[in-house]
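Computed from heavy atoms alone, side chains included, the values below leave out hydrogens, waters and symmetry copies. Below, chain A is the first sequence line, B the second, and so on; all start at residue 1. Since we're looking at a predicted model, the values are computed, not measured.
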Amino acid sequence: MSFIYWGGKNMQDNLKAVANNIRKDIIKMTAEAGSGHPGGSLSCVEILVSLYFSVMNHKPEDPEWEGRDRFVLSKGHAAPALYAVLARSGYFPLEELATLRKLNSRLQGHPHRKSLPGIEASTGSLGQGFSIAVGMALGLKSDSRPNKVYVLLGDGEIQEGQVWEAANTASHYKLDNLIAILDHNGLQIDGHVKDVMNIYPIEKKWEAFGWDVITVDDGHDFEKLLAAFEKAKQQKGRPTIIIANTVKGKGVSFMENRAEWHGKAPTKEQAEIALRELETW
Amino acid sequence: MVNQKLNPDMKLAENVFNNPEMIPTRNGFGEALLELGEENKNVVVLTGDLTESVRAHKFGEKYPNRLFRMGIAEQNMMSVAAGLSAVGKIPFVATFSIFATGRAWEQLRTSVCYNEFNVKIAASHGGITVGEDGASHHATEDIGIARVIPNIKVIIPVDSIEAKKATIEAARIYGPMLLRLSRDKFPVITTNETPFEIGKANVIRFGDDVTVFASGVMVYESLLAAKTLEKEGIDVRVVNVHTVKPIDEKAIITAAKETGVVVTAEEHQHIGGLGSAVAEVLIENYPVPMKRVGIRDVFGESGKPRELMEKYRITSKDIAKAVKEVLKKKFAYN
């Protein structure tokens, strides 16, 4: 496990401090890049921080460690959040975050396995990362290895047919070593998910596909997220999905719950306002 | 007399022109899987409800825990294979070529090739010799759409023996690889002793007037064409280009220099496949007059494999015709 001590009075305060730093990283990175996806990066910060700073077994100093749990960012456009989490876990220097989306950078617009340590799969084409995670879990389980596989999906992403092919496969093969998390922020580029292409009822659909469903009403609350992960880890005989209700653009007032911030970077001025808000958070 | 023109180093079957054995190349894949299963416990196979059709059923009987049935969901199957590779497996994705390269093209591109995962695609039922199932199941664009993807190797075994060798090699070499296999019985023209090296074209018949570069079943058609043309005093070199990517540039340039004109022959659209790959090499290195034998930008239809080859003009006769046409250009230049 990887812990970074941030001086707070308990672990959750530490996690909150890390999350706040990562939000600032996301704003700085996308502003510097002049493009990227801040909205869906900000909505999944607590999920990623929970995984990398508490839930998962991993060794940043040895990214290929056999015993590591795997994480796949199936919603690959949240790359800024993942990069910030990886850098703050110690996979690569923090300064490198400023190279996001620039020529010759290891920080591609969407994660690329071959360019950056800590990336388990190149993703960005929605739905594919989920299937890759299912393949990892299938391989690990067939060898009776203890490693868990975590995969983060977007709620717009589950409109992809491939997601349901993979959901079928995971329950068919009883992949109880697979834990999916749905970043349920309710928005996609074109607007509200329910208006663009309705995905509801989500819980019933996943249950019908043979999954155990855990709903976290506030996907920004570490206590609730960590409890959900703890429960998911105990699962036997079927995969688990944690549906985390989140806020797109969380933490920046003018980005919150606005679809337009899905794939648009803040200007320098907007970034300054956002960073001031996060400073006083 | 004809056999004197065959390259002895290729150790071809004795009965090449005398009722050669007829076996689908998918069978060679199936046989190789059984050996690989023994050799390497990390070899696993994924099938999309066509387990026996793609000849993976015996592997499944022998190694039930290493055959993953993925149902009728090829896109997921391709990406799951990528994930299996990520945890150390050597997955073979076995389904019809049209689904492997078409339906799951982007998964092949992004999940497999962009990641450079160690996934092997057994693309069975390639070409138009799929036959009676009709155009929906023919794969006549598969080579074109697969070879444009970076990091992948694309191989079209000439017969079941070469298919077996290619499958075994595939498991030993790291990286994405596609093997295009046949449903229909193809003449067995090679032997266990015939050399096979990925990326190295085999000159199987010597000739100085014109070179025919061919792949798959069209290699045999080219040999038949060469035999016919010999009676008319035309000396045809035949090259088995089993690896379309990476293509053997040196062999292509050498043959073009030595014979002056070339023909390509493939069971594929004349756009995008072997003909295009050869043309790309020649146009940048040593342009010579060229003709491509392939399906002429149309969909196939139901029919017996041989009937389809005739109707869509990819038989030895069509190769012979192309050879004569290209030779006219040779003499025009001279």
What residue in [options] has the most heavy-atom pairs under 4.5 Å with chain B?
options                        : value
A/H112, A/Q128, A/K114         : A/Q128
A/S131, A/G139, A/A121, A/G161 : A/S131
A/E165, A/M136, A/R145         : A/E165
A/S125, A/G129, A/S122         : A/S122

Pair A/H58 and A/Y91, ring centroids less than 6.0 Å apart: yes

Aromatic ring proximity B/F59/B/F92, centre distance under 6.0 Å: no

Separation of B/L84 CG from B/S79 OG (nearest 0.5 Å): 11.0 Å

Name the region of [X], side chain, backbone, both or neither, that has any atom closer than 4.5 Å to a heavy atom of chain B.
X      : value
A/E120 : backbone
A/Y173 : side chain
A/D143 : side chain
A/A133 : neither

Main-chain N/O of A/Q188 paired to A/D155 side chain as donor or acceptor, under 3.5 Å: no

Choice from B/N115, B/V80, B/L46 maximising heavy atom contacts with chain A below 4.5 Å: B/N115

Most chain A-contacting option - heavy-atom pairs closer than 4.5 Å, from B/E106, B/E74, B/M78, B/M70: B/E106

Within 6.0 angstrom of B/K58 NZ, more than 12 heavy atoms from elsewhere: no

Salt bridge present between A/K75 and A/E157 (N-O < 4.0 angstrom): no

Short N-O contact, B/E169 and B/K153, less than 4.0 angstrom: no

Proximity breakdown for B/R66 and chain A, heavy-atom pairs closer than 4.5 Å: neither

B/I98 and B/V130: CA distance, side-chain angles, deciding distance, side-chain contact (heavy atoms from CB on, under 4.5 Å) verdict: CA-CA 11 Å; B/I98 190 63; B/V130 172; over 6 Å; no

